[in-house]
Amino acid sequence: MSQLAFLGRRLLAAAILIVVVSIGVFLMTHLGPGDAALARSSADATPEEIAVIREQLGLDRPLAEQYVSWAGGLLHGDLGNSLITGDPVGETLISRFLVTLSLASLAVLFSVPLAFVGGIISGSRPGSLLDRTIFNTSSVLIGVPSFFVGLVLIHLVAARGTLFPTYGYTDLVTDPYEWFRHLVLPAITLGLLAAGELTRQLRGSMVDVMERDYIRTAAAKGLRPALILRRHAFRNAALPALTLLGLLVISLLGGSAVVETVFALPGLGREIVTATLGGDIPLIQGIVLVIAVLAIVINTVVDISYRLLDPRVKIS
Amino acid sequence: MGTKRDKSLSKRVFACLLSVLILSAANACGSGAATSTDSSTSTIRMRVQTDLDTWDNTKAASTGSLYWMGPVYETLIRATPEGKFEPLLAESYAFSADGRVLTLETRAGVTFSDGTAFDAKAVVSNLDRAMTVDGSQRAPKLKEAIASLAAPDETTVAITLTDSGVAILDLLSQMEGIMASPKAFAEPDFANKPVGTGPFVLTEHKKGQSMTFKANPNYWGDGPKVGGLELQIIPDDQTTVSALSSGEIDLFTESQSMFADTLIQQAKGTPNVTVAEPGGVNLTEITLNRAPGQPFADPRVRQAIYYAIDFDGLSAIAPRMKKSLQYAVSGSPFFDSGLEDLYSYDPGKAKQLLAEAGYPNGFSFTMRAVESGPLVPMASYVQSNLSEVGIDVKVQVTPLPAFRQDCYVDKKCNSTFTRVSMSADPARVAQSRMIPTGSGAWGPIPDDVNAAYKTASALADEATHVANVRAFSRAYAESAQNLVLAQAPIAVIARKSLSDIQVDFGGMIIWEKIAKS
């Protein structure tokens, strides 16, 4: 199958998936108690007052009508307006996505080198003290909740100095230095979990590859261990790690809510928490749509990069 | 070749490690680089937990929106922390002899920050808009209280009240009393560009991040005493305490977190930080479903619960909460100190009342609570108290949207343990519990309590109204309609560099007063 046909099939599957996901999310937001009318009304509002708000927001219409109205707008590039703020969902998504993308990118930049160095060193010396240390450290990193890591970093680093702020965000375009400064601690927090998972994956692959015949042959030919590692072992061990990296990037983009809340970053993760609590259906739908599209794009990129890394792999 | 690459790789790794070390060292030493969060004596930074949905005062979600809008907007009347009303944008006010007409005199020399004059016409425009504009959240309460509006001259506003308008002063001290520039609210982007008479002017609102204000140079009053103000949105409590400790923010008011008391204790132990309790009130109550067939339909059961509660123990669980059996705040003219001894801890009496009501072996029910302040630990303590008299309580902690839907809209809860949405006038607080459609109205109300409420809600001069409200509070507590439990002042946690921290009845900071050294 040509890459073009492959891409076409992936896009078709993606479109179907997005429709299914959006219907699922739409139904879920309606199944739970409470909605935007309750969120917008005052605490002592009577049921009649809440009903008036519900009518104003169009929440009294049949579910199917509400969904079709939203989907119709989507086909025209209109994601609707937030039920709480009235702001266009598209504008909100762009601003929030850029924050989360910044955070996830820095987290990847932090975690990948750390994981690759740790994974290679650990996997090339299985059973050694260094291997056990790296293995156990990465297990701890996977196990420790990110909110805890974030709060520890805030307490130990941010609250005791002035270089890394405790909270907040600055746009990259406005001030690159401030952008970086505000994201260092959140990116480390988010990246540590990813680093732990990647290190363990890479270590496992390395251990497996290092026992292969061609590695023994290369060693018997007298190649230097560093060269064997780089040219023969790492390249083969990297493929499974690449798959995991793709999944991790998706989870970093979609699952950054905790870190964004702890560091008060106005990203997608925090927005979806706020939108869910407020029953802001158009915003929830928009965020889920963005994350679903990203997941599909990243998976497709990973699939294609497989072939680039290993020409023997066929796309099907 | 391989050796060179290895060395190069080692150098890069070393360089990375060195960079991290340098960054850490610089941070520990405190570079003091100019940043957006630098301390400045002319700007106060306050933490807010969530964002404001709109600056349109008629459409903002709840009465709590005044918290964000306070720097920009002012109300006609202000309620003091003690629950007394005093003129603000209205220079004076007076009721007609029958209490039917409230006459306000607008304050001289006040202009909106866009230069528009604040006069009687502006007041009428604002109130009229709040009652009629599409989607106004203020309309129901204003329409219920106001029959008509008039501006007989440039400075006089005459508000003719309906039969339900007795708590008009309270209403005008809240969101309903906000005055915005009529020129500004005619603009399409008013929801993003508020114009009021307040001590500050909004310069930037970064959604989800912060709101920045500068001092209003034409402010009519004394102040503001700082050049700028920033409301920083920080959802997490622990991050907030750290930000306060590092000086990135200057203050925050009491959190809604269930760990609020712990946080306050933690803040007290932080250098350069002080905890003030300038006023305002948090009040908790147990509401009971008194529908026919429910155990709580019998007043003896409700009174038994009051007698079963060890108020001293409750204060130990939430140290800032003090016993209070009425909706009036301590120090307010409506407060009746004689009511406070109506029920004292007496498990024997509780058992006796339960037996008389036909529940000698107790009964069981579910009490719904939300995670707000110390509510859940307090509810758990009450649960243990009630188990001692044979009542088995299941405390069910519920997210707020579900709580409001189940208990206030569908009214299918047995009981709730809640924070009361407070007003300076207890008649307004009681309204949602006394009118049939009210959020806290659960079941029939005895004739004497109903009559007392009607009297307390009837138009009257201020002194008579106060006496009527006190009589109602006694009838309400004696029949134990709902169980008001305890009240606490709202805490403001601030750096010691701040002074003159004052709040109004709702715990909103009075921004023109606060100073920073």
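Chain letters run A, B, ... following the sequence lines, proteins first and then strands; every chain starts at 1. Computed from a prediction, not measured in an experiment: that's the story for all the values here.
- Inter-residue side-chain proximity for A:I53 and B:Q137 is flagged as met; some heavy-atom pair is nearer than 4.5 Å.
- Considering OG of B:S242 and CG of A:L156, their distance stands at 9.5 Å, rounded to 0.5 Å.
- Put simply, OG1 on A:T166 and CG on B:L244 are 10.0 Å apart, with the number rounded to the nearest 0.5 Å.
- For A:L151, the part lying near chain B is the side chain, with the backbone staying farther off; criterion is any non-hydrogen pair under 4.5 Å.
- More than 12 heavy atoms of other residues, nucleotides or ligands shown are found within 6.0 angstrom of CG on B:D189.
- Between the CD1 atom in A:I154 and the CG atom in B:D236 there is a gap of 7.0 Å [rounded to 0.5 Å].
- Contacts with chain B were tallied for A:G168, A:A264, A:G86, A:G150; A:A264 has the most, counting heavy-atom pairs under 4.5 Å.
- Counting heavy-atom pairs under 4.5 Å between each of A:L57, A:L265, A:I84 and chain B puts A:I84 at the top.
- In this structure, the separation between CG on B:D53 and OG1 on A:T85 is 7.5 Å, given to the nearest 0.5 Å.
- Using a 4.5 Å heavy-atom cutoff, the side chains of A:R270 and B:P235 are in contact.
- Within the 4.5 Å cutoff, side-chain heavy atoms of A:D87 are placed close to those of B:K207.
- Taking CD of B:Q405 as the reference point, atom CD1 of A:I50 lies at 7.5 Å (rounded to 0.5 Å).
- The side-chain heavy atoms of A:Y167 and B:T240, taken from C-beta on, include no pair separated by under 4.5 Å.
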